[in-house]
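Please read these numbers as outputs of a predicted model, since none were measured by experiment.
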Amino acid sequence: TKLPKPAVNLYDYSIDDSTAINSANNGNGVIDAGETVHLYIALHNRGGVASNVNVSIDTNQGEGLSDPYFTFVNDSMQLSDIGTYSVRESGDKYFEIIVSPDCPNDYLVDFNIRYTYRNGMDANDNTVYEDDGKLQFDVSSGYHIPSLISEDTTYTNDRLYIVGED
């Protein structure tokens with residue numbers, strides 16, 4: 001009998017930019033310049049049980065060049081086993097990312113998500129499987145305002161204002 005091998009892929013993510021993380025955050029769910037965000041991920045396994053799941057993140061663009069606007073407070077996590085045809089969310093584990101206040105508006109960043117895992121169904125399979133995924137974000141560097149302003153507001157010329165699509 002041939003045991004199935006695990007096949008893990010990046011499935012989903014969520015961003016927490018609440019003020020509980022950093023008072024400079026605005027809680028709008030968008031990565032903004034000057035914020036500290038928590039990035040949660042979910043992995044999907046379409047094969048046999050994946051064990052010893054380790055996940056890392058970086059912004060490397062090749063030749064070891066990383067994006068200067070992003071600093072990772074924690075750039076790795078270990079997840080519990082992912083069952084056959086199951087999704088494993090990172091739960092209370094996350095990547096903590098500091099975004100430079102100098103990051104330009106509409107800046108595209110690629111986060112490389114890499115994961116390694118072993119075959120949890122076959123003790124004779126010593127392979128360390130490796131896969132990766134990519135998340136791309138458009139970073140804002142401004143103050144988000146609604147398209148309909150319902151109260152007196154003063155805007156100054158020292159900020160970029162981004163008008164929403166209500």
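I113 and I82 end up in the same hydrophobic cluster when Ile, Leu, Val, Met, Phe, Trp and Tyr side chains are linked at under 4.5 Å. Linking ILVMFWY residues whenever their side-chain heavy atoms come closer than 4.5 Å, directly or via other members, leaves I97 and Y40 in distinct clusters.
Listed for the N119 side chain is a donor-acceptor partner under 3.5 Å among the backbone atoms of M121. Checking side-chain atoms of S90 against main-chain N and O of I41 turns up a donor-acceptor pair under 3.5 Å.
Rounded to the nearest 0.5 Å, atoms CG (L135) and CZ (F95) are 9.5 Å apart. Remark: Y107 OH to I31 CD1 distance equals 12.5 Å, nearest 0.5 Å.
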- Walk me through it: do N54 and S76 pass the test side-chain contact (heavy atoms from CB on, under 4.5 Å)? CA-CA 7 Å; N54 292 290; S76 63; over 6 Å; no
- Message: For a side-chain contact (heavy atoms from CB on, under 4.5 Å) check, start with the C-alpha distance between K93 and L79, then their side-chain angles and the critical distance, and finish with the verdict.
- Response: CA-CA 8 Å; K93 297 177 182 178; L79 301 180; 4.3 Å; yes
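Contact between N60 and S66 at its shortest, heavy atoms only, is OD1-CB, 3.4 Å.
Aromatic ring orientation, F111 versus F72: perpendicular (interplanar angle above 60°, classes split at 30° and 60°).
Counted by atom type alone, T59 and D67 present zero donor-acceptor pairs between their side chains at under 3.5 Å. Side chains of N112 and D58: a donor on one and an acceptor on the other come within 3.5 Å.
In this structure the side chain of V139 never reaches within 4.5 angstrom of the side chain of Y69, judged on heavy atoms.
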